[in-house]
Amino acid sequence: MKKQYWIAPLALAAMAATGSASAQTVLKIGYATSQTSHYGVGSTMFCDDIEKGTQGRYKCQQFPSSALGGEREMIEAVQLGTQDLVNTSTGPLGNFVPEVKIVDIPFLFRDYDHARKVMDGPIGQDLLKAMQSKGLIGLAWTENGFRHMTNSKRPIRTADDARGLKMRTMENKVHMDGYRTFGIQPTPMAFPELFGALQQGVVDGQENPIPVILSSKFSQVQKHLSLTGHVYSPAALIISPVVWNKLSAADKTVFQEAAKKASAAQRKKVNDDENNGIAQLEKDGMQVIRQVDGGSFRKAVTPAYELYAKEFGAAKIQAIQNVK
Ligand code: EAX
């Protein structure tokens, strides 16, 4: 409430200064990692584009590095309208929009091309639309990336090597069901707590895409990185219906186009980090296992696929796998 006393005189001063009565709306956007990370690159592209496209009527205030809380809290705030936008992984999103959980299945996507094609195609676009009935407006799928395991104990080459490790996971049941089949002990935890938990040895390891491992400096607290690529981690740029419903049709188009450009920029940053970041992490002292026995993980996860088929329907899983 207090804030309003500050905003009102500022807005009046701004209008007086420009001699115009057209007010400027500042939208709060939050994400987990730093402003120079993939989420920051995508969000900045979006923010620059809506500001240009609306002749400055809309602009952003960015809250990188989990400044507004964990992803679950940010999604909740966007639903309530106390936060305007979030660029978030699907980690906790399935707890709000159950249909989305299907894309969190381990080894569902073959590679980046496959994943991006599905997310931008009819299946992914239907999932974006499904958010509406849950009080969230999905503007576009952005990207977090394929997730890889890090830990402080030993190099992981096969699923057997992962057995017994206590690993932080996202608050995501699909992941946890899958990872249990690798023999790891999944420990769900919000991302902002993760660095400290690794540092203090509360968990042995964690799994995240290269851009997250890099930007969060996990090399300072984890010795081993294995390029397991065991699951694709999509992300979404989501706007609150409170903001969305006030936009003119023309402004909605500006926001949607900006979100598409944000997605392209964010994915490009993921590609760049995958190409250059692993060498950087080695320089920073990590021991990297590039030759992981993917077959051993795929084999281990088979029983979890029975659970997934029950929950989502085998045909729906197959439809994603069939996208070429
Ligand atoms: O979305 O929680 C996680 O591990 C996420 O991958 C990270 O916060 C970026």
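Heavy atoms only: backbone and side chains are in, while hydrogens, waters and symmetry mates are out.
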query: Going by an N to O cut-off under 4.0 Å, is there a salt bridge joining Lys269 and Asp272?
result: no
message: Assess, by modelled atom type and distance only, whether the side chains of Ser34 and Thr36 contain a donor and an acceptor separated by less than 3.5 Å.
response: yes
- prompt: How far does CD1 of Ile156 sit from CZ of Phe297, to the nearest 0.5 angstrom?
  reply: 6.0 Å
query: Between CG of Leu93 and NZ of Lys134, what distance do you get to the nearest 0.5 Å?
result: 11.0 Å
- prompt: Just by modelled atom types, is the Ala32 backbone N or O under 3.5 Å from a matching donor or acceptor in the Ser66 side chain?
  reply: yes
task: Return yes if some donor-acceptor pair links the side-chain N/O of Asn172 with the main-chain N/O of Gly91 below 3.5 Å, else return no.
output: yes
query: Just wondering, do Val203 and Lys166 contact through their side chains at under 4.5 Å, heavy atoms?
result: yes
field: NE2 on His114 to CE on Met119, rounded to 0.5 Å
entry: 11.0 Å
message: Assess, by modelled atom type and distance only, whether the side chains of Asp251 and Thr54 contain a donor and an acceptor separated by less than 3.5 Å.
response: no
message: Using only atom types and a distance under 3.5 Å, with no angle test, would you say the side chain of Thr302 pairs donor to acceptor with the backbone of Lys299?
response: yes
field: Minimum heavy-atom distance between Lys260 and Ala140, given as atom pair plus value
entry: N-CB, 4.4 Å
N-O pairing of Asp120 and Arg267 below 4.0 Å: yes
query: Is a side-chain donor or acceptor of Thr181 paired with a backbone partner of Asp177 at a separation under 3.5 angstrom?
result: no
query: Heavy-atom distance under 4.5 Å between the side chains of Val231 and Val174, does that happen here?
result: no
query: Just by distance, do the side chain of Asp293 and the backbone of Arg157 share a donor-acceptor pair under 3.5 Å?
result: no
Exercise: identify the closest heavy-atom pair between His148 and Gly229: ND1-N, 2.9 Å
query: Side-chain contact, heavy-atom cut-off 4.5 Å: Thr44 with Val41?
result: no
message: In the structure I gave you, are the side-chain heavy atoms of Leu225 and Leu227 within less than 4.5 Å of one another anywhere?
response: yes
task: Report yes if the side chains of Gln266 and Leu237 come closer than 4.5 Å at any heavy-atom pair, otherwise no.
output: no
query: Between Tyr58 and Phe255, how do the two ring planes meet: parallel, tilted or perpendicular, split at 30° and 60°?
result: perpendicular
query: Is the side chain of Trp244 donor-acceptor paired with the backbone N or O of Ile137 at a distance under 3.5 Å, no angle test?
result: no
message: Below 30° counts as parallel, above 60° as perpendicular, anything between as tilted: where do the rings of Phe312 and Tyr308 land?
response: tilted
query: Short question: side chain of Asn95, backbone of Glu171 - any donor-acceptor pair under 3.5 Å?
result: yes
Distance (rounded to the nearest 0.5 Å) between Leu139 CG and Met131 CE: 9.5 Å
- request: Search all heavy atoms of Val118 against all heavy atoms of Val323 and return the closest pair with its distance.
  value: CG2-CB, 3.7 Å
message: Could you tell me if the side chain of Lys246 sits less than 4.5 Å from the side chain of Thr25, heavy atoms only?
response: no
- prompt: With a 3.5 Å cut-off and no angle check, do the side chains of Asn144 and Ser89 form a donor-acceptor pair?
  reply: no
Residues Glu143 and Tyr112: side-chain donor-acceptor under 3.5 angstrom: no
- prompt: Do the charged groups of Glu99 and Lys129 touch, with an N to O distance under 4.0 Å?
  reply: no
query: Could you go step by step and tell me if Arg163 and Asp160 meet the salt bridge (charged side-chain N to carboxylate O under 4.0 Å, His left out) rule?
result: CA-CA 5 Å; Arg163 188 161 296 279; Asp160 257 357; 3.7 Å; yes
query: Does any N or O in the side chain of Gln222 come within less than 3.5 Å of the main-chain N or O of His224, such that one atom is a donor and the other an acceptor?
result: no
message: Under the side-chain hydrogen bond (donor to acceptor under 3.5 Å, both in side chains) test against Ser233, which residue among Glu207, His175, Arg147 passes?
response: Arg147
Flag, side chain of Ser133 to backbone of Ala130, donor-acceptor distance under 3.5 Å: yes
query: Does Ser226 reach the main-chain N or O of Thr228 with its side chain, forming a donor-acceptor pair under 3.5 Å?
result: no
- line: What one should report as the nearest heavy-atom pair of Asp84 and Lys28 is OD2-N, 2.7 Å
query: What distance separates Glu51 CD from Phe46 CZ, expressed to the nearest 0.5 Å?
result: 11.5 Å
- prompt: How close do Ile102 and Leu108 get, heavy atom to heavy atom, and via which atoms?
  reply: O-CD2, 3.3 Å
- prompt: Which value, rounded to the nearest 0.5 Å, describes the distance between Phe146 atom CZ and His230 atom NE2?
  reply: 11.0 Å
- prompt: Does the pair Glu193/Arg168 count as a salt bridge with the N-to-O cut at 4.0 Å?
  reply: no
task: For Arg154 and Asp161, work out which heavy atoms get closest and say how close.
output: NE-O, 2.7 Å
